[in-house]
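On a predicted model such as this, the values are computed, not experimentally measured, just so you know.
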Amino acid sequence: MMSSKKSMPWSIPKRVIAGVLALIGIAYPVLAYYGLTHFSARYLLGGLLVLIVARAALFLASARIVPALVTLAIAAVIAVIGYYAQMQALRLYPVFISLALAGVFGATLKYPPTMIERFARLRHPDLDDYGIAYTRALTRVWVVFFIANAGISTATVLWGTLEQWTIYNGIVSYGLIGILFIGEWPVRHWLRQRYENRKQGK
(Lines give C-alpha, C1' and ligand atoms only; values in the text may rest on other atoms or scores of the structure.)
Protein backbone atom coordinates (compact mmCIF):
# COMPACT_ATOMS: atom_id res chain seq x y z
CA MET A 1 0.00 0.00 0.00
CA MET A 2 2.83 2.38 0.88
CA SER A 3 4.61 1.70 -2.41
CA SER A 4 1.54 2.69 -4.42
CA LYS A 5 1.27 5.94 -2.46
CA LYS A 6 4.91 6.72 -3.11
CA SER A 7 4.51 6.14 -6.86
CA MET A 8 1.50 8.45 -7.15
CA PRO A 9 3.39 11.78 -6.83
CA TRP A 10 5.76 10.76 -9.63
CA SER A 11 3.21 9.15 -11.95
CA ILE A 12 1.20 12.35 -12.39
CA PRO A 13 4.08 14.66 -13.44
CA LYS A 14 5.50 11.84 -15.56
CA ARG A 15 2.26 11.72 -17.54
CA VAL A 16 2.22 15.50 -17.86
CA ILE A 17 5.82 15.55 -19.11
CA ALA A 18 5.08 12.70 -21.53
CA GLY A 19 2.06 14.61 -22.85
CA VAL A 20 4.05 17.80 -23.32
CA LEU A 21 6.86 15.95 -25.11
CA ALA A 22 4.32 14.22 -27.35
CA LEU A 23 2.73 17.55 -28.30
CA ILE A 24 6.13 19.06 -29.03
CA GLY A 25 6.98 16.03 -31.16
CA ILE A 26 3.77 16.37 -33.16
CA ALA A 27 4.30 20.10 -33.69
CA TYR A 28 8.04 19.69 -34.29
CA PRO A 29 8.10 20.50 -38.04
CA VAL A 30 6.23 23.77 -37.50
CA LEU A 31 8.31 24.64 -34.43
CA ALA A 32 11.50 23.86 -36.34
CA TYR A 33 10.42 26.03 -39.26
CA TYR A 34 9.72 28.95 -36.94
CA GLY A 35 12.93 28.37 -35.01
CA LEU A 36 15.13 28.19 -38.10
CA THR A 37 13.82 31.56 -39.26
CA HIS A 38 14.67 33.21 -35.93
CA PHE A 39 17.50 31.29 -34.27
CA SER A 40 20.73 29.51 -35.08
CA ALA A 41 20.43 25.87 -36.19
CA ARG A 42 23.02 24.97 -33.57
CA TYR A 43 20.76 26.01 -30.69
CA LEU A 44 17.76 24.27 -32.20
CA LEU A 45 19.78 21.09 -32.65
CA GLY A 46 20.73 21.22 -28.99
CA GLY A 47 17.07 21.65 -28.06
CA LEU A 48 16.09 18.70 -30.25
CA LEU A 49 18.68 16.46 -28.61
CA VAL A 50 17.44 17.49 -25.16
CA LEU A 51 13.89 16.62 -26.27
CA ILE A 52 14.94 13.17 -27.52
CA VAL A 53 17.03 12.37 -24.44
CA ALA A 54 14.12 13.46 -22.20
CA ARG A 55 11.86 11.03 -24.03
CA ALA A 56 14.44 8.28 -23.56
CA ALA A 57 14.57 9.10 -19.83
CA LEU A 58 10.79 8.69 -19.61
CA PHE A 59 11.05 5.30 -21.29
CA LEU A 60 13.71 4.28 -18.78
CA ALA A 61 11.56 5.53 -15.89
CA SER A 62 8.80 3.23 -17.15
CA ALA A 63 11.26 0.30 -17.49
CA ARG A 64 10.80 0.29 -21.28
CA ILE A 65 14.40 -0.52 -22.10
CA VAL A 66 14.15 -1.22 -25.85
CA PRO A 67 12.29 2.02 -26.72
CA ALA A 68 14.78 3.92 -24.56
CA LEU A 69 17.75 2.41 -26.40
CA VAL A 70 16.17 3.11 -29.79
CA THR A 71 15.51 6.72 -28.77
CA LEU A 72 19.07 7.18 -27.56
CA ALA A 73 20.34 5.68 -30.82
CA ILE A 74 18.29 8.25 -32.76
CA ALA A 75 19.80 11.01 -30.60
CA ALA A 76 23.31 9.69 -31.27
CA VAL A 77 22.79 9.53 -35.05
CA ILE A 78 21.30 13.02 -35.17
CA ALA A 79 24.18 14.34 -33.06
CA VAL A 80 26.76 12.80 -35.41
CA ILE A 81 25.01 14.13 -38.51
CA GLY A 82 24.57 17.50 -36.81
CA TYR A 83 28.31 17.76 -36.28
CA TYR A 84 28.70 17.97 -40.07
CA ALA A 85 25.33 19.34 -41.22
CA GLN A 86 23.10 20.95 -38.60
CA MET A 87 20.21 21.81 -40.93
CA GLN A 88 19.96 18.27 -42.31
CA ALA A 89 20.15 16.79 -38.82
CA LEU A 90 17.25 18.95 -37.65
CA ARG A 91 15.12 17.96 -40.62
CA LEU A 92 15.89 14.23 -40.34
CA TYR A 93 14.04 13.79 -37.05
CA PRO A 94 10.64 12.93 -38.68
CA VAL A 95 12.44 10.40 -40.89
CA PHE A 96 13.84 8.57 -37.87
CA ILE A 97 10.45 8.63 -36.13
CA SER A 98 8.78 6.98 -39.13
CA LEU A 99 11.54 4.38 -39.38
CA ALA A 100 11.31 3.68 -35.66
CA LEU A 101 7.55 3.18 -35.92
CA ALA A 102 8.03 0.90 -38.91
CA GLY A 103 10.55 -1.08 -36.89
CA VAL A 104 8.26 -1.38 -33.86
CA PHE A 105 5.25 -2.45 -35.94
CA GLY A 106 7.41 -4.77 -38.02
CA ALA A 107 8.91 -6.43 -34.94
CA THR A 108 5.43 -7.42 -33.76
CA LEU A 109 4.90 -9.26 -37.04
CA LYS A 110 7.77 -11.55 -36.06
CA TYR A 111 6.91 -11.60 -32.38
CA PRO A 112 3.09 -11.53 -32.17
CA PRO A 113 0.61 -10.39 -31.13
CA THR A 114 0.93 -7.71 -33.75
CA MET A 115 0.65 -4.06 -32.83
CA ILE A 116 -2.83 -3.62 -34.32
CA GLU A 117 -4.01 -6.82 -32.63
CA ARG A 118 -2.91 -5.41 -29.28
CA PHE A 119 -4.94 -2.27 -29.95
CA ALA A 120 -7.93 -4.32 -31.12
CA ARG A 121 -7.92 -6.51 -28.02
CA LEU A 122 -8.36 -3.44 -25.83
CA ARG A 123 -11.94 -3.33 -27.15
CA HIS A 124 -12.37 -6.95 -28.24
CA PRO A 125 -10.47 -9.27 -25.86
CA ASP A 126 -12.03 -12.34 -27.53
CA LEU A 127 -10.71 -11.56 -31.01
CA ASP A 128 -11.39 -14.47 -33.38
CA ASP A 129 -9.06 -16.04 -35.94
CA TYR A 130 -10.34 -13.77 -38.72
CA GLY A 131 -9.72 -10.72 -36.54
CA ILE A 132 -6.19 -11.87 -35.79
CA ALA A 133 -5.46 -12.40 -39.48
CA TYR A 134 -6.96 -9.02 -40.37
CA THR A 135 -5.00 -7.12 -37.73
CA ARG A 136 -1.83 -8.83 -38.93
CA ALA A 137 -2.51 -7.68 -42.49
CA LEU A 138 -3.30 -4.17 -41.26
CA THR A 139 -0.06 -4.07 -39.29
CA ARG A 140 1.77 -4.82 -42.56
CA VAL A 141 -0.06 -1.91 -44.19
CA TRP A 142 1.12 0.44 -41.45
CA VAL A 143 4.71 -0.83 -41.78
CA VAL A 144 4.62 -0.08 -45.53
CA PHE A 145 3.08 3.33 -44.84
CA PHE A 146 5.74 4.31 -42.32
CA ILE A 147 8.53 3.21 -44.66
CA ALA A 148 6.99 5.16 -47.55
CA ASN A 149 6.48 8.16 -45.29
CA ALA A 150 10.14 8.00 -44.26
CA GLY A 151 11.16 7.87 -47.92
CA ILE A 152 9.11 10.93 -48.87
CA SER A 153 10.29 12.75 -45.77
CA THR A 154 13.89 11.99 -46.72
CA ALA A 155 13.24 13.42 -50.18
CA THR A 156 12.03 16.67 -48.62
CA VAL A 157 15.24 16.80 -46.59
CA LEU A 158 17.56 16.18 -49.54
CA TRP A 159 15.81 18.05 -52.34
CA GLY A 160 12.99 20.09 -50.85
CA THR A 161 12.98 23.59 -49.45
CA LEU A 162 12.40 24.25 -45.76
CA GLU A 163 8.83 25.26 -46.59
CA GLN A 164 8.19 22.03 -48.52
CA TRP A 165 9.69 19.99 -45.70
CA THR A 166 7.47 21.75 -43.16
CA ILE A 167 4.30 21.35 -45.22
CA TYR A 168 4.82 17.64 -45.82
CA ASN A 169 6.07 16.63 -42.38
CA GLY A 170 3.87 19.03 -40.42
CA ILE A 171 0.63 18.77 -42.40
CA VAL A 172 0.51 16.29 -45.27
CA SER A 173 1.93 13.30 -43.41
CA TYR A 174 -0.56 13.74 -40.57
CA GLY A 175 -3.34 14.05 -43.12
CA LEU A 176 -2.25 10.76 -44.71
CA ILE A 177 -2.20 9.08 -41.31
CA GLY A 178 -5.73 10.35 -40.70
CA ILE A 179 -6.92 9.11 -44.10
CA LEU A 180 -5.46 5.66 -43.48
CA PHE A 181 -6.83 5.52 -39.95
CA ILE A 182 -10.36 6.66 -40.88
CA GLY A 183 -10.49 4.99 -44.28
CA GLU A 184 -9.65 1.62 -42.78
CA TRP A 185 -12.91 1.57 -40.81
CA PRO A 186 -15.36 1.06 -43.73
CA VAL A 187 -12.96 -1.38 -45.40
CA ARG A 188 -12.77 -3.42 -42.20
CA HIS A 189 -16.53 -3.62 -41.86
CA TRP A 190 -16.98 -4.51 -45.54
CA LEU A 191 -14.43 -7.31 -45.32
CA ARG A 192 -15.92 -8.59 -42.08
CA GLN A 193 -19.40 -8.66 -43.63
CA ARG A 194 -18.11 -10.52 -46.66
CA TYR A 195 -16.38 -13.03 -44.39
CA GLU A 196 -19.55 -13.60 -42.37
CA ASN A 197 -21.59 -14.05 -45.56
CA ARG A 198 -19.15 -16.69 -46.81
CA LYS A 199 -19.34 -18.52 -43.48
CA GLN A 200 -23.11 -18.63 -43.79
CA GLY A 201 -22.91 -19.73 -47.41
CA LYS A 202 -24.57 -16.64 -48.81
Are [X] and [Y] side-chain neighbours, meaning at least one heavy-atom pair lies under 4.5 Å?
| X | Y | result |
| --- | --- | --- |
| Thr161 | Gln164 | yes |
| Ile179 | Tyr174 | no |
| Val66 | Leu69 | no |
| Ile24 | Val20 | yes |

Might you point out which heavy atoms bring [X] and [Y] nearest each other, and give the distance in Å?
| X | Y | result |
| --- | --- | --- |
| Ala120 | Thr135 | CB-CG2, 4.0 Å |
| Leu191 | Tyr134 | CD1-CE1, 3.8 Å |
| Ala102 | Ile147 | CB-CG1, 3.8 Å |
| Tyr28 | Leu90 | OH-O, 2.6 Å |
| Phe105 | Ile116 | CE2-CD1, 3.9 Å |
| Arg91 | Leu162 | NH2-N, 4.1 Å |

If you measure from [atom1] on [X] to [atom2] on [Y], what distance do you get to the nearest 0.5 Å?
| X | Y | atom1 | atom2 | result |
| --- | --- | --- | --- | --- |
| Ile132 | Thr114 | CD1 | OG1 | 8.5 Å |
| Ser98 | Asn169 | OG | CG | 7.5 Å |
| Arg121 | Leu127 | CZ | CG | 5.0 Å |
| Gln88 | Trp165 | CD | CH2 | 11.5 Å |
| Phe59 | Ile65 | CZ | CD1 | 11.5 Å |
| Leu44 | Tyr33 | CG | OH | 13.5 Å |

Tell me whether [X] contacts the main-chain N or O of [Y] through its side chain, where contact means a donor paired with an acceptor under 3.5 Å.
| X | Y | answer |
| --- | --- | --- |
| Thr108 | Tyr111 | no |
| Thr156 | Ser153 | yes |
| Arg42 | Gln86 | no |

Establish whether [X] and [Y] are linked, either directly or via other cluster members, by ILVMFWY side-chain heavy-atom contacts under 4.5 Å.
| X | Y | answer |
| --- | --- | --- |
| Val143 | Phe119 | yes |
| Leu99 | Ile152 | yes |
| Val53 | Tyr93 | no |
| Ile74 | Leu58 | yes |
| Val95 | Ile26 | yes |

Check: Which pairs with one or both residues in residues 170-194 pass salt bridge (charged side-chain N to carboxylate O under 4.0 Å, His left out), sequence neighbours excluded?
Finding: Asp128-Arg192, Glu184-Arg188, Arg192-Glu196
Notebook entry, point to check: Do the side-chain N and O atoms of Asn149 and Ser173 include a donor-acceptor pair separated by under 3.5 angstrom?
Noted result: no
I'd like to know whether [atom1] of [X] has more than 12 heavy-atom contacts from other residues, nucleotides or ligands below 6.0 angstrom.
| X | atom1 | value |
| --- | --- | --- |
| Tyr43 | OH | no |
| Tyr34 | OH | no |
| Arg118 | CZ | yes |

Note to self: Does the plane of the ring in Tyr195 sit parallel, tilted or perpendicular to the ring in Tyr130? Use 30° and 60° as the thresholds.
What the structure shows: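 Rings of Tyr195 and Tyr130: parallel, under 30°.
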Note to self: So, applying side-chain contact (heavy atoms from CB on, under 4.5 Å) with Phe96, which one of Ile78, Val70, Thr71 is it?
What the structure shows: Ile78
Notebook entry, point to check: Given Tyr168 and Leu176, is the side chain to side chain contact (heavy atoms under 4.5 Å, CB included) satisfied, shown in steps?
Noted result: CA-CA 10 Å; Tyr168 180 79; Leu176 293 175; 3.9 Å; yes
